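Below is one structure, written out as structure tokens; the observations come after it.
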Amino acid sequence: MKKDILKRLQKLKDEIRFHDRLYYSLDQAQITDFEYDQLFQKLIELESKYPELKTKDSPSQKVPGQALSKFKKQAHSVPMLSLQNSYSKTDIESFYERVLKLLKQKKLTCFAEPKLDGMAVELIYEKGFLTKALSRGDGLIGEDITAVIKTLRALPLFLGNQAPPFLEVRGEVLILKKDFERINQEQELAGLSLFANPRNLAAGSLRQLDPKITASRPLYCFIHSPGTPLKSLKTQKEFIEKIQKLSLPAFRLSSSKKLNQPLELCRLTHSMEDIIDYYEEMQGLRSKLPFEIDGIVIKVNDFEDQGELGVISRSPRWAMAGKFAPEQGITQVENIKLQVGRTGVITPVAVLKPLMLGGVQICHASLHNFKELARKDIRMGDFVLVHRAGDVIPEVIKALKERRVAKSEIFKTPSFCPVCKGAVRDQGDYLLCENSQCPAVIENKLLHFASKKAMNIEFLGTKSVRKFYSWNWLNCYSDIYDLKGKDLKNKEGFGEKSYQLLVESLDKSKKTTLSRFLFALGIPLVGEQTAQKISEKVYEKHKGRELDILSALSILKTISKEELENIPDIGPLVASSFKQALENKELVKDLEGLYKRGVSLSQQQKKRDLLEGLTFVITGSFPVSRSEIKAKIESLGGKVSSQVSGKTHFLIEGEKPGSKKEKALSLSVPILNYEDFLRKFIRGI
Ligand code: IVH
């Protein structure tokens with residue numbers, strides 16, 4: 001009996017660890033958050049029933065404990081050094097030449113890896129168990145952040161029986177760009193101050209005395225170097241391979257000539273040319289990566305050589321950071337525009353004299369809110385420093401006050417809505433248009449409802465929504481489905497063809513999922529993830545049976561605020577915003593209207609969406625026919641093209657791939673073999 005329980009516990013723990021590793025190594029997740037939460041719940045239940053079977057390595061030990069009163073300081077056993085920075089190819093060249101000379105070698109193998117822009121940490125594993133985590137501090141003395149680090153799903157608590165008795169490793173904790181965006185949006189809506197960049201958010205999440213806050217943030221960690229050296233390892237390559245074997249997260253050596261996202265980002269270099277190639281390739285990848293990097297790190301691969309080169313003024317002579325040019329630039333503010341969003345929040349946006357940053361033309365930059373705008377004192381006509389990171393909206397960092405023209409005026413916070421001229425409410429950091437009938441609020445709500453991640457009404461875009469609204473055809477969500485059957489005669493600027501496409505996309509969108517539907521309603525603070533979680537709760541209550549809008553609504557009404565708050569990641573603010581929305585009679589009437597017009601819910605996420613927007617090229621021979629692979633991709637919404645081009649997202653290679661592979665390599669198109677393809681896209685659907 002006990003044996004059975006032990007077996008079940010072991011299986012659950014292994015499964016949870018497996019999914020944690022998959023998720024936090026940026027691999028395709030194989031289960032939904034809901035299924036993960038269920039596994040976790042089962043583990044907690046079993047462990048509380050049989051406390052004597054609870055082990056130190058159990059993922060349940062990641063549940064955050066008591067808040068600390070302060071962090072204790074502790075010295076690093078080996079100082080955490082900093083890297084010499086270089087900003088040009090010539091700097092890297094001189095580093096390389098210097099090392100060759102010092103080592104009296106003609107050839108040199110280096111290990112090239114990304115320079116992660118996060119927060120540095122040191123982890124200590126004793127007898128395989130994570131026993132200590134320290135922040136970098138001043139490099140000599142750090143802070144004991146063990147309690148918060150232990151909540152990270154990205155890190156194992158136990159490395160298995162093969163682990164060395166003592167292992168000290170260093171790495172970087174970071175947060176993905178998309179999570180940074182989402183968390184900042186939530187901060188903004190909750191009237192809290194914003195994080196300046198993903199690094200600050202990651203650091204702020206770790207420097208938390210309350211581990212609960214850390215646990216609520218999706219923090220990643222990648223290990224990049226040893227602390228106290230391990231005698232059995234001779235090179236950086238061996239170190240990286242060793243820690244991977246121990247299931248610690250780290251970037252891998254690329255298995256092909258080109259780097260492969262998201263994890264195969266390291267390479268062994270054998271010449272200066274190799275290093276420059278790597279630098280350029282990483283620079284090209286930079287904006288496509290899901291996290292921020294600010295350069296590359298070149299390390300002499302051999303540990304003995306490293307020892308010989310030694311350290312000079314707290315930087316090793318065996319490594320160098322090749323920093324990328326910051327994605328920052330200076331331009332002039334031509335105007336400060338006010339935007340009114342779907343929740344009525346009024347946001348100031350800087351209209352800029354166009355400038356190029358990281359290969360992209362920038363004309364607008366976010367000023368976040370009026371408090372930020374006032375704090376930074378940005379004025380029309382100012383020269384400003386603008387920053388852009390990946391696909392994130394560019395932001396104005398500061399005004400160059402020394403270049404300010406004498407006559408410029410402080411920007412005045414508006415006292416009425418710039419669109420409907422109605423009253424505004426000061427909500428601390430942000431300003432709110434209180435008029436639910438404000439044209440901007442309605443138009444943006446409708447646009448959100450129709451957007452890709454919501455109801456996905458492909459042919460209802462900004463222009464048509466504006467037009468239909470001005471013709472009085474649209475006021476609430478259900479009006480959208482009455483667009484079919486409208487008389488377009490004498491209506492300028494909307495052709496028969498566009499109308500046909502619109503009607504088709506309306507019909508297509510009528511079948512959706514509850515989570516998309518809840519997200520589409522545009523309830524303040526209810527983003528995609530929250531909608532997903534609430535929808536799972538509804539189905540749980542309905543024992544997994546099918547639902548329509550009205551039955552979903554009545555179940556939603558039975559879920560109390562407390563029940564909502566008990567769902568992981570849903571806090572009191574989100575819960576009350578959701579409950580409040582359900583009490584809104586107009587919204588409820590609109591939901592009934594949508595039901596009557598045939599909008600229906602199905603539990604299955606439409607599989608078609610999975611590969612939507614992705615283009616594949618297939619080359620070589622496979623265990624199945626190519627047309628079968630093509631049919632599979634198309635059935636999941638992807639496209640298959642016969643030629644590799646800049647628009648190709650993936651090349652799937654079989655045996656004897658031929659010239660398409662060369663083309664893909666030359667264009668840095670990621671290459672998958674058949675097994676990779678199945679693992680990444682097909683299994684786990
Ligand atoms: S190796 C000094 N590798 O950069 C030698 N550091 O200036 C040990 N960093 O705070 C560091 N990515 O945490 C190394 N791939 C990488 C890195 C990296 C980011 C950080 C590191 C430290 C700073 C050094």
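Nothing here was measured: the structure is a model prediction, and the numbers come from that model. Keep in mind that the numbers below use all heavy atoms, side chains included, and drop hydrogens, waters and symmetry copies. Each ligand, and each atom within it, is numbered from 1 in the order the structure gives. Residues take their numbers from the sequence shown, with the count starting at 1.
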With the threshold set at 4.0 Å, does a side-chain nitrogen-carboxylate oxygen contact exist between Arg17 and Asp57?
yes
Can you find a side-chain donor-acceptor pair between Thr109 and Lys237 that sits under 3.5 Å?
no
Distance-only N or O hit between ligand 1 and Glu172, under 3.5 Å
yes
Looking at ligand 1, does any of its N/O atoms fall within less than 3.5 Å of an N/O of Leu81?
no
Below 4.0 Å, non-hydrogen atoms only: which portion of Arg170 touches ligand 1? Side chain, backbone, both or neither.
neither
Have His224 and Glu113 got a donor and an acceptor in their side chains that come within less than 3.5 Å?
no
Can you list the steps and then say if Thr228 with Glu168 is a side-chain hydrogen bond (donor to acceptor under 3.5 Å, both in side chains)?
CA-CA 6 Å; Thr228 307; Glu168 194 179 54; 2.5 Å; yes
Which heavy atom of the protein is the closest neighbour of atom 6 (N) of ligand 1, given with residue, atom name and distance?
His224 CE1, 3.3 Å
Indicate, with yes or no, if the rings of Phe195 and Phe180 have centres closer together than 6.0 Å.
no
So which protein heavy atom does atom 12 (N) of ligand 1 come closest to, and at what separation?
Leu116 N, 3.0 Å
Asp138, CG atom: more than 12 neighbouring heavy atoms under 6.0 Å:
yes
Within 45° of the axis and under 6.0 Å from the centre of the six-membered ring of Tyr36, does NZ or CZ of Arg153 qualify?
yes
Heavy atom of the protein closest to atom 7 (O) of ligand 1 (residue, atom name, distance):
Leu83 N, 2.8 Å
Within 4.0 Å of some non-hydrogen atom of Lys115, the atoms of ligand 1 are 4 (O), 12 (N), 19 (C)
Under 6.0 Å from the ring centre and within 45 degrees of the ring axis: does the NZ or CZ of Arg286 meet both conditions for the six-membered ring of Phe324?
no
For ligand 1, the portion of Val297 having any non-hydrogen atom under 4.0 Å away
side chain
Report the part of Pro114 (side chain from C-beta onward, or backbone N, CA, C, O) that has a heavy atom under 4.0 Å from ligand 1; answer both or neither where that applies.
backbone
Arg267 charged N/C atom sitting above Tyr278 aromatic ring, 6.0 Å / 45°:
no
Applying a strict 4.0 Å limit to heavy atoms, is Ala319 in contact with ligand 1?
no
Do Lys178 and Glu181 sit within salt-bridge range, that is, some charged N less than 4.0 Å from a carboxylate O?
no
Any nitrogen or oxygen of Ala120, main chain or side chain, under 3.5 Å from a nitrogen or oxygen of ligand 1?
no
Do any N/O atoms on Ser225 end up under 3.5 angstrom from N/O atoms on ligand 1?
no
Distance-only N or O hit between ligand 1 and Ser82, under 3.5 Å
no
Mode of Glu113 contact toward ligand 1 - side chain, backbone, both, neither (heavy atoms, under 4.0 Å):
side chain
Could you list which atoms of ligand 1 come closer than 4.0 Å to a heavy atom of Lys299?
1 (S), 3 (N), 14 (C)
